There are 2 protein chains.
Amino acid sequence: MVTLPRTAGEIGSATGSAHEQVYRSLRSRIMHGEIDPGEALTLRGIGKEFGVSMTPARESVRRLAAEGALTMSSSGRITAPDLSADRIEELAALRALLEPELAARALPRAHLALIDRLRAINARVSEFVAKQDAVGYLRTNLEFHRTLYLRAQAPAMLAMVETVWLQLGPTMRALYARRNRTDLQKHHRMILAALAAGDEPALRLAVRTDVTQGLKMLVA
Amino acid sequence: MVTLPRTAGEIGSATGSAHEQVYRSLRSRIMHGEIDPGEALTLRGIGKEFGVSMTPARESVRRLAAEGALTMSSSGRITAPDLSADRIEELAALRALLEPELAARALPRAHLALIDRLRAINARVSEFVAKQDAVGYLRTNLEFHRTLYLRAQAPAMLAMVETVWLQLGPTMRALYARRNRTDLQKHHRMILAALAAGDEPALRLAVRTDVTQGLKMLVA
DNA sequence: TCGCGCGTTTTGTGATCACAATCCCCCCAT
DNA sequence: ATGGGGGGATTGTGATCACAAAACGCGCGA
């Protein structure tokens, strides 16, 4: 394999270095439940898939492992994490702690345009629920939350929540199967109503409930 | 440089791979304020210092950068982060959100032995304050908090708080200079009192105050 | 004296290689 | 049929190299 000029496969504007492309791609897969808990990955396999050598593959994997998105055995073997019930509960508690705060910080800046955008995303969520598409549902559901939290202007806090999502990613799809589809949308509607009303306590509660609801099912 | 047998410089039991040693060492320095904001590092420099090649140095640096402990410019230049006031405020808010929760979770498990250990650590904190040793103070102060939070049995939450500490590390020492030394200890004593009394609301408040107090000074 | 090019040096990136540890699978003995 | 052992294949680790881009410094010109 030869060092190609930097413009080889890049489509639009600066896509970033090789290891970043690999990182983003893997991260997205993991966060959206496209990788099963316990599934194994290899550096050479990743490298081959993305057309790069082991070096950027290794950096991506190490970074994801540092963020808890992947597990490395003592011998260095790479797998998607299979979370214990305790760990899931803890991560759920983190979401319940952080996300209402982010929502509350976003509230004063939530104009009508944002609420409309959220409604549109929520419509797409409904489609995926109807189509029983777990990955699509996870993706749009997280997009709903992220779109709201982006308004909080709190990048470090958002990054932290996304790390939690990442850790929960592989487990999420399994979780989706058990979830009661009908009241999925109810919580999002409560969030939208509280946003429109400018009611912070209601918003905090709605977000906390939405976050907690789905995750507590796994433990039960 | 030659690949040495794995048992080369290892003292006790498995110290971990080369990049992990480098990572732990750098992380400790950063978290305890031994690196100034804006200070530059180089992969070859790190490698030379630890007697390893660029590869493990690079992995350590990338990992630390992913955790926000180091900044990488678009050209890949490595520096310790120089935080904006907004960012500091946000990280302080994260501490104020997470640490009371960890303390509250530790409370039911906080036996007398733990409180005694905390008192002992607190005494060492006082020594460093008296000696005007900023790094020593930072180290023992964080040890005080970590010892308490370890009892919460919440590894993911603790990891998250430590990431916040890490990001604040380089800025912390500058902060220390402005801090009113006399009421530093007051808050720790309040924490100990609330722990001994088993009073959760008081504990949450004491932790939140301790955390907030020092950090709000930078913004002012 | 100050600013600005240009060449040298430094620095990060990615590929490749040697190596040791581990895993996997197949075969054989019981 | 089943369990254990052994050998080949796979895998992560770290060193080294080539390369391009950025940084630095030095000297020349205004």
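This one's a predicted model, so the numbers in the text were calculated from it and none came from an experiment. A note on names: the letters A, B, ... follow the listed sequences, proteins ahead of strands, and every chain is numbered from 1.
At a threshold of 4.5 Å between non-hydrogen side-chain atoms, the residues A:M72 and A:R62 count as touching. Residues A:T79 and A:L41 form no side-chain contact, since every pair of their non-hydrogen atoms from C-beta on lies 4.5 Å or further apart.
In this structure, B:I46 reaches neither bases nor backbone, as no heavy-atom distance under 4.0 Å exists between it and the strands shown.
Within a 6.0 Å sphere centred on CZ of B:R204, other residues, nucleotides and ligands contribute more than 12 heavy atoms. Within 6.0 Å of atom CZ in A:R151, more than 12 heavy atoms from other residues, nucleotides or ligands are found, so the atom counts as buried in its surroundings.
Comparing C:dG14, D:dG14, D:dT11 against the side chain of B:H19 picks out D:dG14 as the nearest.
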Evaluate the criterion side chain to side chain contact (heavy atoms under 4.5 Å, CB included) for residue pair A:M160 and B:M160; output intermediate values, then yes/no.
-> CA-CA 8 Å; A:M160 223 140 247; B:M160 220 139 250; 3.3 Å; yes
Run the side chain to side chain contact (heavy atoms under 4.5 Å, CB included) check on B:I46 and B:V52 step by step: do they pass?
-> CA-CA 8 Å; B:I46 294 168; B:V52 299; 5.9 Å; no
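Taking all atoms of both residues into account, the shortest heavy-atom contact from A:L94 to B:M157 is CD2-CG, 3.5 Å. Closest approach of A:I115 to A:A110, counting heavy atoms only: CD1-O, 4.5 Å.
One interatomic measurement links the two molecules: CG of B:L43 to P of D:dA15, which rounds to 13 Å at whole-angstrom precision. Between the NZ atom of A:K48 and the P atom of D:dT11 there is a distance of 9 Å, given to the nearest Å. Distance, A:R44 CZ to D:dG14 C1': 13 Å, rounded to whole Å. Rounded to whole angstrom, the span from the CE atom of B:M54 across to the C1' atom of D:dC17 amounts to 10 Å. Atom-to-atom, CD of B:E20 to P of D:dG12 comes out at 17 Å; the value is rounded to the nearest Å. For the pair B:F50 CZ and D:dG14 P, the computed distance is 14 Å after rounding to whole Å.
The backbone N or O of B:S25 sits nowhere less than 3.5 Å from a side-chain atom of B:S28 that would complete a donor-acceptor pair.
Near DNA chain C, meaning a heavy atom under 4.0 Å from it, residues 55-67 of chain B has B:R58, B:R62 in order of number. Contact check of residues 73-81 of chain B against DNA chain D (heavy atom, cut-off under 4.0 Å) returns B:S75, B:R77.
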